[in-house]
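A quick write-up on the structure given underneath.
Hydrogens, waters and symmetry mates play no part in the numbers below; they use all other heavy atoms, side chains included.
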Amino acid sequence: MTGPTGAGEEAGEEPVPGEPPEPAEPADETEVEGAAAEPDFEGPRRRARREREERRTAQARATAIEQARREAKKRAAGRPVDQAKVPARGVIRGLKVLMWSALVSVVVVGLGLVLYFTPVMAARITVITGLNTVSKEEVEQAAAIVPGTPLLQIDTDDVAERVATIRRVASARVQREYPSTLRITVTERVPVVVKDYPDGPHLFDKDGVDFASAPPPPGLPILDADTPGPSDDPTKAALEVLLSLRPEVFGQVSRIAAPSVASITLTLVDGREVIWGTTDRTEEKALKLGALLTQPGRTYDVSSPDLPTVK
């Protein structure tokens with residue numbers, strides 16, 4: 001029969017005095033081996049994250065301890081304890097940046113309003129460049145700029161469009177030059193051909209625009225086309241041919257006939273004739289014609305640039 005003492009020994013609660021304690025049973029080998037086979041691996045990122053969290057925790061703990069120590073010292077001295085927290089340095093910096101940004105915006109807007117509505121920077125000087133045959137007074141009248149108008153109130157695109165309505169003007173560019181100058185740069189039309197009409201000769205530019213009724217410059221070729229103009233295909237073909245010629249060949253042309261886009265002919269100042277044909281391979285034809293005119297003949301056919309002929 002087992003007594004109380006034996007029960008206590010079996011439970012391992014109170015060993016009998018004088019007797020050596022029974023050795024602890026070894027842990028199950030399977031469990032030990034499993035624990036050794038699965039080590040807790042910590043990568044560099046996880047380690048760095050853990051270290052940062054530990055540093056933040058330690059810093060927060062140290063700050064709290066220091067704050068508590070200061071409050072305890074103030075209580076011991078009978079001074080009131082601060083309840084409000086001091087604003088963070090980042091918050092103060094952000095408020096300063098916001099304040100300066102608002103101040104700069106107000107100054108810029110105010111300056112813009114002053115320049116727009118007051119004659120501080122008004123158009124007092126108008127500079128016009130690029131004139132050859134067009135007069136300065138004609139450009140100023142077309143521009144219609146009221147003296148003293150603030151530069152910011154002048155629509156430069158509108159002014160350029162008004163100046164470009166002059167027949168002899170191909171394009172115009174308008175620029176503000178602070179504090180008080182408006183610059184207008186004019187590109188005039190250059191005559192390429194002339195056509196005789198009952199009211200006199202009309203000058204046409206490279207785009208086929210009839211821009212002036214005036215005596216032509218010396219050596220300007222005469223255009224033979226039924227309805228010359230910027231939208232007329234024979235006119236555009238004839239101008240394409242003329243503009244492809246070398247300068248020394250262009251200077252020899254006295255007349256260009258374009259009854260259609262497929263039958264263009266040139267007449268030189270000495271009476272020789274050039275049969276051009278269509279505008280296909282225009283650059284190649286112009287190159288062959290320059291060499292072909294060095295040969296004697298009356299008719300030069302470059303309509304087929306692979307087989308140019310001289311008669």
Side-chain angles (χ1 to χ4, degrees), residues 1-122 150-157 173-181 183:
M1 187 172 182
T2 304
T5 304
E9 291 176 353
E10 291 178 1
E13 296 177 356
E14 295 181 1
V16 179
E19 293 184 2
E22 296 181 0
E25 295 182 0
D28 186 60
E29 294 181 358
T30 304
E31 296 178 359
V32 174
E33 291 177 355
E38 297 179 1
D40 187 11
F41 177 75
E42 185 180 30
R45 293 185 178 179
R46 184 179 297 177
R47 185 184 303 111
R49 190 184 305 113
R50 177 178 55 78
E51 291 176 355
R52 288 196 299 269
E53 293 177 355
E54 290 177 354
R55 285 196 297 269
R56 285 196 292 267
T57 303
Q59 185 177 1
R61 185 182 300 110
T63 303
I65 293 173
E66 179 64 19
Q67 185 67 22
R69 187 186 64 79
R70 291 180 180 178
E71 292 179 357
K73 187 175 181 180
K74 290 181 180 180
R75 291 192 184 95
R79 290 181 296 174
V81 179
D82 297 336
Q83 298 296 332
K85 295 182 179 180
V86 179
R89 183 177 300 177
V91 175
I92 296 176
R93 186 182 298 113
L95 291 175
K96 288 182 178 179
V97 171
L98 182 61
M99 180 184 66
W100 280 108
S101 300
L103 181 60
V104 170
S105 299
V106 171
V107 171
V108 170
V109 172
L111 181 60
L113 292 175
V114 170
L115 296 179
Y116 189 85
F117 290 106
T118 65
V120 175
M121 290 187 178
L151 289 177
L152 291 178
Q153 292 188 20
I154 297 176
D155 191 326
T156 55
D157 291 338
R173 182 184 180 188
V174 181
Q175 297 170 288
R176 302 184 188 93
E177 294 183 355
Y178 297 99
S180 58
T181 301
R183 178 177 294 273

| Partners meeting salt bridge (Lys or Arg N to Asp or Glu O under 4.0 Å) with Glu66 (sequence neighbours left out) | Arg69, Arg70
| task | Sequence neighbours left out, what passes salt bridge (Lys or Arg N to Asp or Glu O under 4.0 Å) with Arg176? Give chain and number order. | result |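 Checked Arg176 against salt bridge (Lys or Arg N to Asp or Glu O under 4.0 Å); zero matches.
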| Taking 4.0 angstrom as the limit, do Arg50 and Glu54 come out as a salt bridge? | yes
| note | Sequence neighbours excluded, the answer for side chain to side chain donor-acceptor pair (under 3.5 Å) partners of Gln175 is none
| said: So for atom CD, which belongs to Glu51, do other residues, nucleotides or ligands contribute more than 12 heavy atoms lying within a distance under 6.0 Å? | reply: yes
